[in-house]
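Take a look at the structure set out below.
First the proteins, then the strands, lettered A, B, ... as listed; each starts at 1.
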2 protein chains.
Amino acid sequence: MNSVSIPITTQGLQVACSACNLRELCMPVGLSDDELERVDTLIGARRKVARGMPLYLSGEPFQSLYAIRTGFFKTEVISEDGREQVTGFQMAGELMGLDGIGTGNHNCDARALEDSEVCVIPFNRLSELSREIDTLQHHFHKVMSREIVRDQAVMMLLGTMRAEERLAAFLVNLSQRFASRGYSATEFNLRMTREEIGSYLGLKLETVSRGLSRLQDEGLLSVSNKNIRIHKLDDLKKAMSPRC
Amino acid sequence: MNSVSIPITTQGLQVACSACNLRELCMPVGLSDDELERVDTLIGARRKVARGMPLYLSGEPFQSLYAIRTGFFKTEVISEDGREQVTGFQMAGELMGLDGIGTGNHNCDARALEDSEVCVIPFNRLSELSREIDTLQHHFHKVMSREIVRDQAVMMLLGTMRAEERLAAFLVNLSQRFASRGYSATEFNLRMTREEIGSYLGLKLETVSRGLSRLQDEGLLSVSNKNIRIHKLDDLKKAMSPRC
DNA sequence: GCTGTTCATTGATTGCGATCAATGCGCAAC
DNA sequence: GTTGCGCATTGATCGCAATCAATGAACAGC
């Protein structure tokens with residue numbers, strides 16, 4: 001039935017995009033069979049990244065984008081004066097490396113928070129192909145635009161929200177992203193430390209810890225180390241707003 | 001000598017991109033004459049926006065990008081619970097509206113801070129043309145990527161910097177952008193109110209006011225209402241780092 | 001000219017989150 | 001099992017920026 005050839009890489013068996021279970025997340029819909037086959041040629045190789053290891057580092061020459069197949073990443077910016085800021089947490093189906101296009105070098109570090117695997121997408125090939133396939137071009141533009149909107153939402157969070165509101169917003173966001181991948185919206189394991197959460201949310205790790213305890217005391221959720229169990233998702237959403 | 005036809009719009013005389021003095025800022029370099037001519041056809045029309053008026057509002061259908069020809073804009077996000085956050089200030093040569101591509105609707109409000117004029121770039125046309133002209137495609141991708149990097153820098157600012165450091169970073173950034181447009185790096189007029197600066201930097205307007213007074217007391221600059229005169233640009237850059 | 005409004009500055013006080021500090025838990029190495 | 005280390009929690013205190021409040025300056029409209 002499926003006549004698409006499955007390329008083999010040194011990493012092992014290659015799963016073509018057309019057969020990937022993350023297809024709805026990273027690929028545009030509405031491609032013809034012919035187009036799908038060409039998009040399959042986009043993926044240069046797979047790459048495994050062990051927990052704690054970098055996918056790329058700031059300053060490295062930018063060549064490729066990366067689509068996460070399995071695992072969990074963080075991206076962080078380190079300023080000249082040594083300050084670190086986690087700028088995002090990425091999970092399966094999400095695209096990394098967009099920040100490198102502008103300068104030709106990566107502008108942040110990307111590190112695996114657990115053993116992970118990514119699809120390497122040579123940017124040259126993507127550019128070529130998106131010139132030929134309208135749908136792919138538009139999809140790519142959408143992905144970049146959504147990244148900008150996401151960043152603006154984080155700016156709003158950092159600029160206007162109080163510690164507990166930030167925490168609630170963070171958890172609700174994670175919940176939704178797990179849910180859209182078919183996992184439970186109400187129970188999941190955090191892959192990052194309190195310190196990394198704090199960096200992302202502009203808080204100290206102690207404040208994150210206290211905030212989680214507080215949400216637990218209010219009965220909205222249970223925390224056990226990295227395990228989160230949300231009891232009242234609606235109330236948690238309300239806790240994102242002031243004067244809850 | 002110049003055989004490019006100059007289209008006329010209802011707004012008055014059209015200046016073609018190829019003849020625009022902002023060309024280095026918004027257009028890719030290295031286009032052939034033929035390509036330049038086609039890029040000239042990108043601009044649908046000009047549009048004047050009076051001070052205080054919106055260029056677009058959140059929720060409106062996204063059709064076009066806008067390149068600022070003259071003037072000054074702010075973009076702001078308004079959350080469901082009514083919180084406002086200024087996400088950026090834009091000046092001549094910069095592109096607005098990228099946030100609308102992802103959803104097909106604008107995701108923030110864009111308002112003129114002074115009487116301004118923009119070039120309207122229908123997104124459909126840009127997509128088509130960037131499929132034909134590699135250089136244009138790559139330039140557009142770079143612009144989007146730089147926007148992402150810029151947003152990450154703001155996240156760093158909001159997440160890790162203290163009030164006075166934020167203010168210094170803000171002023172240094174403005175200074176550089178004025179300088180790259182041929183204006184003075186050390187004297188300029190702010191187009192935005194203290195409240196708008198505060199919203200952008202995650203501070204209250206009083207804190208902005210105090211911070212400026214403090215920088216003035218330290219002899220780094222002079223403030224007179226909206227007029228800023230920087231005396232020690234190097235020291236101001238140092239004030240962006242902790243323990244100055 | 002005066003009046004009203006918006007914006008900016010400055011002072012006094014409060015409160016949230018950072019900092020400092022100590023304890024406890026979980027997990028890997030041996 | 002024991003040791004050691006990283007991570008999380010909780011308490012006490014401090015400091016910066018938010019808040020409250022009042023005054024002053026700039027500017028548009030009448």
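Remark: P of C/dG17 and CG of A/Leu167 are 11 Å apart, rounded to the nearest angstrom. Note: CZ (B/Arg162) to C1' (C/dG17) measures 14 Å, nearest angstrom. Between the CG atom of B/Asn227 and the C1' atom of C/dA8 there is a distance of 15 Å, rounded to whole Å. Rounded to an integer number of Å, the gap from CD of B/Glu164 to P of D/dG15 is 17 Å. Here C/dA8 presents its C1' atom at 14 Å from CD of B/Glu196, a figure rounded to the nearest Å. Computed from coordinates, the B/Arg51 CZ to C/dT6 P distance equals 13 Å when rounded to whole Å. Put simply, CD on B/Glu165 is 12 Å from P on D/dC16, counting in whole angstrom units. When the C1' atom of C/dA8 is taken as reference, atom CD1 of B/Ile197 falls 11 Å away, rounded to whole Å.
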Candidate pair A/Arg150 and A/Glu94, rule salt bridge (Lys or Arg N to Asp or Glu O under 4.0 Å), full reasoning:
CA-CA 13 Å; A/Arg150 189 193 70 82; A/Glu94 293 175 344; over 6 Å; no

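A salt bridge links A/Lys238 with A/Asp235: the distance from a Lys NZ or Arg NE/NH1/NH2 to an Asp or Glu carboxylate oxygen falls below 4.0 Å.
For the pair A/Ile197 and A/Met192, the tightest heavy-atom approach, listed with the atom from each and the gap, is CG1-CG, 3.4 Å. When all heavy atoms of A/Asn189 and A/Asn227 are compared, the pair lying nearest together is OD1-ND2, 3.1 Å. Across all non-hydrogen atoms, the minimal contact from B/Leu158 to B/Arg166 is O-NH2, 3.2 Å. Contact between A/Gln176 and A/Lys237 at its shortest, heavy atoms only, is NE2-CE, 4.2 Å.
Relative to the side chain of B/Lys204, the nucleotides C/dG17, D/dT19, C/dT19 differ in distance, and D/dT19 lies closest.
For the side chain to side chain contact (heavy atoms under 4.5 Å, CB included) criterion with A/Asp109, the lone passing option out of A/Val86, A/Ile78, A/Thr87 is A/Ile78.
Among the protein residues, B/Gly202 comes within range of the sugar-phosphate backbone only, with heavy atoms under 4.0 Å from sugar or phosphate atoms but none that close to a base.
Considering only residues two or more places apart in sequence or on other chains, A/Ser116 meets the side-chain contact (heavy atoms from CB on, under 4.5 Å) condition with A/Phe73, A/Ala112, A/Glu114.
Helix bend of the helix from C/dG1-D/dC30 to C/dC30-D/dG1: the angle between its two end axes, each built from five pairs, comes to 50° after rounding to 10°.
Remark: the backbone N or O of B/Glu84 is not paired with any side-chain donor or acceptor of B/Glu76 at under 3.5 angstrom.
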Please produce a list of atom pairs where a protein N or O lies less than 3.5 Å from an N or O of nucleotides 7-11 of chain D.
| residue | atom | partner | partner atom | Å |
| --- | --- | --- | --- | --- |
| D/dA8 | OP1 | A/Arg194 | N | 3.4 |
| D/dA8 | OP2 | A/Arg194 | N | 3.0 |
| D/dT9 | OP1 | A/Arg194 | NH2 | 3.1 |
| D/dT9 | OP2 | A/Arg194 | NE | 2.8 |
| D/dT9 | OP2 | A/Arg194 | NH2 | 3.4 |
| D/dT9 | OP2 | A/Ser209 | OG | 2.8 |
| D/dT9 | O5' | A/Ser209 | OG | 3.2 |
| D/dT10 | OP2 | A/Ser213 | OG | 2.6 |
| D/dG11 | N7 | A/Arg210 | NH1 | 3.0 |
| D/dG11 | O6 | A/Arg210 | NH2 | 3.4 |

